[in-house]
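Below, read A as the first sequence line, B as the second, and so on, with proteins coming before strands; counting in each chain starts at 1.
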Amino acid sequence: MRNDDHQPPPNARRKALKCMAWAGGGLVWSLVGGVPRSLLLGDAQAATAAGTFHFAQISDNHFGFNKDANPDVVSSAKECVTRINGLPSSPAFVLHTGDITHLSKPAEFDLAQQVLGGLRAPVFYTPGEHDVLDETPGANYRKAFPQKTMGDGWYSFDAGGAHFIALINVLDFATSGLGALGAAQLEWLVSDVKGLSSSTPIVIFTHIPMWSVYPQWGWGTGDAPQAFATLKRFGSITVLNGHIHQVIQKVEGHVSFHTAMSTAYPQPKPGEGPAPSPLKLPADKLRTALGVRAIDIVAGKGQLVVVNDPLELS
Amino acid sequence: MTRLALILGVALTGALLTPLALAEDGGATVTIHNYAYEPPVITIPKGGKVTWINKDDTPHTVVATDKQFRSPAIDTGDSFSRTYNEVGTFGYVCGLHPQMKGSVVVTPEVTAAPSY
């Protein structure tokens, strides 16, 4: 049963907790009369309700990583691929939010092609800073995963009644100290959304968070406010990203931000410890920190259901 | 006894050659450890070479602040070298962890001391 009027039934909390046990933490973002609200996902069936459009997100595979935090990133990535293929509602596509590889090496991209090639749904990619370390930044990435893009690799498409925008914010990461979109991409964004109705749900996917999670570690995008100024007339904006290897979610006005788990290894909480080093968890805990994400767009309601799906519940 | 002498000889030769080799090309070494460049500021003469050695468990890079060059990923145990032919102060950061910063100060070439 779907909680259409957003009034929690008496046993909503119990149901919500049950659902969280199933999903690892899901939230429904909705717009009611222009006011954004969030509810704990009260009914596991919501994700499979009729009239919804389903897609998935995978992030931060770091093919090539082999240190203690996860000596076998290939197996965990394969497991995540299996997890997406086995979702109760087949996703229309998968969004990849970057750091496919660890060092941008051709052999790492080859491995990525083999493993991610196992996804049944088509995949839309945006690179992470680990994917653009080669001599011509991103050349190996573009060769391995050719896509029809604009400028330095940004693009958009329409699906499920929403407008999807792939942004690149890793090309000037070093010298700006934060994720950066750059003037050309920001200019393109203005023209890209020009003809859209303000009620069109916008889904941005990119690598580095579009809000200041922890700028001291480069966990933010310096010129993101300019992008959101362009998008301010839209009633529903969902930002999906990777980079920080953990789930952090936040709502600011009409924008909801969701950083994703890695399939490779976790990282410390923002500012916890001296540096964002790979976090070595006890062997039996690693799978609770790795996973993928399923997202549903509820037709005609401007609602996105975002469900994080770890490989194992904690 | 002969064996010990041989070992000592090899060890001594190694100890003597290493600093000499570095001194000859005006080279200097920056160690990357615990997400930091050590030393963060290094001074070399014009034409000198800087070698960065990564002793962290994580890859790092060296990207010039003025965008004149960028190293490939320097993985654990790997190194990267760059020769500086212009005098000045040149900042750099890590392309993966831009909170890591360092700089290279290049001084005018040392000329031979005048002889009387």
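Of the atoms belonging to B:D75, it is side-chain heavy atoms, and not backbone ones, that fall under 4.5 Å from chain A. Of the two parts of A:E129, the backbone and the side chain both hold a non-hydrogen atom closer than 4.5 Å to a non-hydrogen atom of chain B. Residue contact with chain B, scored on non-hydrogen atoms closer than 4.5 Å, involves the backbone of A:V132 exclusively. In this structure, chain B has no heavy atom under 4.5 Å from any part of A:D99. Neither the backbone nor the side chain of B:A36 comes within less than 4.5 Å of any heavy atom of chain A.
Of the residues B:Y92, B:Y35, B:W52, the one that meets the ring-ring contact (aromatic ring centres under 6.0 Å, His included) test with B:H60 is B:Y35. A side chain to side chain donor-acceptor pair (under 3.5 Å) with A:H62 holds for exactly one of A:H245, A:E108, A:K67; it is A:H245. Across A:H243, A:H96, A:H130, a single residue satisfies side chain to side chain donor-acceptor pair (under 3.5 Å) together with A:H207, and that is A:H243.
Sorted by first then second residue, the salt bridge (Lys or Arg N to Asp or Glu O under 4.0 Å) pairs that include residues 51-62 of chain B, not counting sequence neighbours, number zero.
Salt-bridge annotation for A:D134 and A:R142: absent, with no side-chain N of the basic residue lying under 4.0 Å from a carboxylate O of the acidic one.
The aromatic ring centroids of A:F205 and A:F124 lie 6.0 Å or more from each other.
Per-residue heavy-atom pair counts under 4.5 Å with chain A were compared for B:R70, B:K101, B:Q99, B:H97, and the maximum is reached by B:R70.
The 12-atom threshold is not exceeded at NZ of A:K78, counting heavy atoms of other residues, nucleotides or ligands nearer than 6.0 Å. Shown here is A:E187, whose CD atom has no more than 12 heavy atoms of other residues, nucleotides or ligands within 6.0 Å.
By a heavy-atom distance cut of under 4.5 Å, A:A275, A:P276, A:S277, A:P278 are the residues of residues 268-292 of chain A near chain B, going up by number.
Side-chain atoms of A:R83 and A:L311, non-hydrogen and from C-beta on, do get closer than 4.5 Å to each other.
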